[in-house]
Amino acid sequence: MDAKITKQRLSRMLSYDWIKIIGIIVAICIVWSLVFTMTATQITVTQKFYVYSYVGNNGFSQEFKKLYDHTHKNELSYEILEKASEDLGSEVNTILEARFAVGEGDLMFIAHAPNKKDSYKVGEGEEEQTLYYNYTETFARGRARFLYSLEGEGSNTDNYFTQVEGYLSKYFFDGNGKADWENGTLDEEKVKADFRARVRKDKRFKTEAQLIVGEANDIKRLESYREALKEFYKYLKTDKIVQFETITYTDYNNEEQSITCYLNLNPSKPRIDPTTGEQAVDDEQGYYLYDETVPEDGLTKYLSYNEDLGKNDGTTKLNKTSKNMCVGFLSMNSLESKYRVEEGFQTECLFLVNALIRAAHGIN
């Protein structure tokens, strides 16, 4: 039998079977891609870091994005493999429903300022008034379960800072072996043992050499967590340049709930004229004045919203501001365990919060 391959026979085969050949090649490519996809280590919720700018805000500025990139590269731990930021607009409920359902969310930047699309009425007849909920209240009313309590228990039994301190206390001990996250010495052997148990199925750490590097990185992670918490407490308790914000909202059962669930990055209040006891006004244009914690609009270039700045003649002007800009620490503890951040890793949030505070106040 003559089975010799000639140019003529090859030409005839290609002219009749080229579709089959292309189909086989495509099928091989698809199968090969599926093999890699199915066998690759999937990024977990813990390894993602997602931040949102709530409806009403102007959205994340380029300066914020630069700061976020820098923080991701230089401060967030080696475990954060994917980051994202998202500005929330008219489709806020649809987007958050999808994101939160799979545990994607770490920080929510949101203004403690009137939401003109969320109103209620008080009084009757000629005395009836239309008032507005703050954006912080609007978000909490429907999604309080996704916010860590920051002080006390509130409606969410998970207190963010109690959890972080508790996690660090498992690794730092004083000379008598008593847990001391603030001044104790890190138990590196425990860190190494827990690290190896956690990454047993992680394909990033296949060899002994890779595991040794991972142990060193995990030691660095725990030490940086402690320093981040200390730094934050300095801003909160010593410098007093940020403060916790408590809000009251009506839940789905029409019951009032109070929860301390926001960190105010720029606490602001009306400036009072000591002579009249009333709110002070700008001598030149007559606009009402406010005392802000952040100097010279240092936060506005990162996060802002537009307000109707009032004038003593009853008129207003649109003004870009960051007064009472807050951040909520998002918790996914109400979800299934596979959609929750692993214990301790919520501390990553402090790196970005601290970076914002430093940038806004010009702290080196």
How many angstroms lie between CZ in F100 and OG in S331, if you round to the nearest 0.5 Å?
10.5 Å
Looking at side-chain heavy atoms only, is the closest gap between Y225 and F351 below 4.5 Å?
yes
Side chains of F161 and L236: closer than 4.5 Å at any heavy-atom pair?
no
Can you confirm whether L229 sits close enough to E165 that some side-chain heavy atom of one is under 4.5 Å from a side-chain heavy atom of the other?
yes
Residue pair L330 / L147, side-chain heavy-atom distance below 4.5 Å:
yes
Are more than 12 heavy atoms from other residues, nucleotides or ligands located less than 6.0 Å from atom CD of E296?
no
Please determine if K230 forms a cation-pi arrangement with Y233, meaning its NZ or CZ atom is less than 6.0 Å from the six-membered ring centre and no more than 45° off the ring axis.
no
Distance alone, cut at 3.5 Å: any donor-acceptor contact between the side chains of Y339 and E104?
no
Cut-off 3.5 Å, side chains only: do S258 and T248 have a donor facing an acceptor?
yes
Check the surroundings of atom NZ in K269: do more than 12 heavy atoms from other residues, nucleotides or ligands lie under 6.0 Å from it?
no
Is the ring pair F64/F109 parallel, tilted or perpendicular, if the boundaries are 30 and 60 degrees?
perpendicular
Counting distance only, does the side-chain N/O of E127 pair as donor-acceptor with the main-chain N or O of E124 below 3.5 Å?
no
Step by step, work out the side-chain hydrogen bond (donor to acceptor under 3.5 Å, both in side chains) result for T136 and N134.
CA-CA 5 Å; T136 47; N134 287 329; 4.5 Å; no
Hey, is the main chain of F172 close enough, under 3.5 Å, to the side chain of D187 for a donor-acceptor pair?
no
Non-neighbouring partners of D174 that pass salt bridge (charged side-chain N to carboxylate O under 4.0 Å, His left out), sequence neighbours left out:
none
Within the 3.5 Å criterion, strictly below it, is a donor on T315 or D313 matched to an acceptor on the partner's side chain?
yes
Check T300, N306, D87, T321 against N58 for a side-chain hydrogen bond (donor to acceptor under 3.5 Å, both in side chains) and give me the one that passes.
N306
Would V213 end up clustered with L186 when hydrophobic side chains under 4.5 Å apart are linked, directly or stepwise?
no
Interatomic spacing from CD in E137 to CD in Q257 - rounded to 0.5 Å:
13.5 Å
Do the side chain of N324 and the main chain of S268 share a donor and acceptor less than 3.5 angstrom apart?
yes
Could you give the side-chain donor-acceptor pairs of residues 276-288 under 3.5 Å, partners two or more places apart or in another chain?
unit_1, atom_1, unit_2, atom_2, d
T276, OG1, E278, N, 3.2
Q279, NE2, L289, O, 3.0
D282, OD1, E284, N, 2.8

Distance col, row Y302:OH vs L67:CG, nearest 0.5 angstrom, shows 6.0 Å
Can you sort out the partners of E292 under salt bridge (charged side-chain N to carboxylate O under 4.0 Å, His left out), two or more places apart, ordered by chain and number?
none
List the residues meeting side-chain contact (heavy atoms from CB on, under 4.5 Å) with F195, not counting sequence neighbours, and say none if there are none.
Y78, R198, V199, F205, L211, E215, D218
Any side-chain donor paired with an acceptor under 3.5 Å for E348 and S77?
yes
With respect to E75, which candidate in K220, R358, R221 satisfies the salt bridge (charged side-chain N to carboxylate O under 4.0 Å, His left out) definition?
R358
Quick check: does any side chain N or O of T46 sit under 3.5 Å from a backbone N or O of V341, one acting as donor and the other as acceptor?
no
Do E188 and Y171 have side-chain atoms, one donor and one acceptor, less than 3.5 Å apart?
no
Would you please classify the geometry between the F139 ring and the Y54 ring as parallel, tilted or perpendicular, with 30° and 60° separating the classes?
perpendicular
Electrostatic pair E79:R204 at N-O distance under 4.0 angstrom:
yes
May I ask you to decide whether D291 forms a salt bridge with R271, counting only side-chain N to carboxylate O separations under 4.0 Å?
yes
Any side-chain heavy atom of N159 sitting closer than 4.5 Å to one from L150?
no
Aromatic ring pairing Y50/Y52, orientation class (parallel under 30°, perpendicular over 60°, tilted between)
tilted
Do F49 and V51 have side chains that approach each other closer than 4.5 Å (heavy atoms only, starting at C-beta)?
yes
Is the charged tip of K320 near the ring of Y305: under 6.0 Å from the six-membered ring centre and within 45° of its axis?
no
Can a donor-acceptor pair be found, under 3.5 Å and without considering hydrogens, that links the side chain of Q210 to the backbone of K206?
yes
Using the six-membered ring of Y68, assess whether NZ or CZ of K83 lies under 6.0 Å from its centre and within 45 degrees of the ring axis.
yes
Tell me whether S224 contacts the main-chain N or O of L222 through its side chain, where contact means a donor paired with an acceptor under 3.5 Å.
no
May I ask you to decide if S322's main-chain N or O and S304's side chain share a donor-acceptor pair within less than 3.5 Å?
no
I'd like to know if the side chain of N57 and the backbone of S53 have a donor-acceptor N/O pair within less than 3.5 Å.
no
Spacing of CD belonging to E245 relative to CG belonging to L263, to within rounding of 0.5 Å
9.0 Å
Quick test of your reading: applying salt bridge (Lys or Arg N to Asp or Glu O under 4.0 Å), list the pairs with at least one residue in residues 328-338, sequence neighbours left out, ordered by first then second residue.
none
Would Y160 and Y148 count as a close aromatic pair, with their ring centres under 6.0 Å?
yes
Applying the 4.5 Å side-chain criterion to the ILVMFWY set and letting contacts propagate, would M332 and I95 be lumped into a single cluster?
yes
Salt bridge (charged side-chain N to carboxylate O under 4.0 Å, His left out) between E189 and K192: does it pass, once the steps are laid out?
CA-CA 5 Å; E189 294 307 312; K192 292 176 182 179; 3.7 Å; yes
Do you see a donor-acceptor pair shorter than 3.5 Å between the side chains of Q346 and Q163?
yes
Transitively linked via ILVMFWY side-chain contacts under 4.5 Å: F244 with I241?
yes
V294-L352 co-clustered via ILVMFWY side chain contacts under 4.5 Å:
yes
Under 6.0 Å between the ring centres of Y120 and Y133?
yes
Cluster question for you: counting only ILVMFWY and a side-chain heavy-atom cut-off of under 4.5 Å, with indirect links fine, are L309 and L303 together?
no
Please identify each residue that fulfils salt bridge (charged side-chain N to carboxylate O under 4.0 Å, His left out) with R340, with sequence neighbours left out.
none
Evaluate whether atom CD of E63 has more than 12 neighbouring non-hydrogen atoms of other residues, nucleotides or ligands under 6.0 angstrom away.
yes
Find out whether the Lys NZ or Arg CZ of K116 is both under 6.0 angstrom from the six-membered ring centre of Y132 and within 45° of the ring's axis.
yes
Check whether any side-chain heavy atom of H361 sits under 4.5 Å from a side-chain heavy atom of P295, and report yes or no.
yes
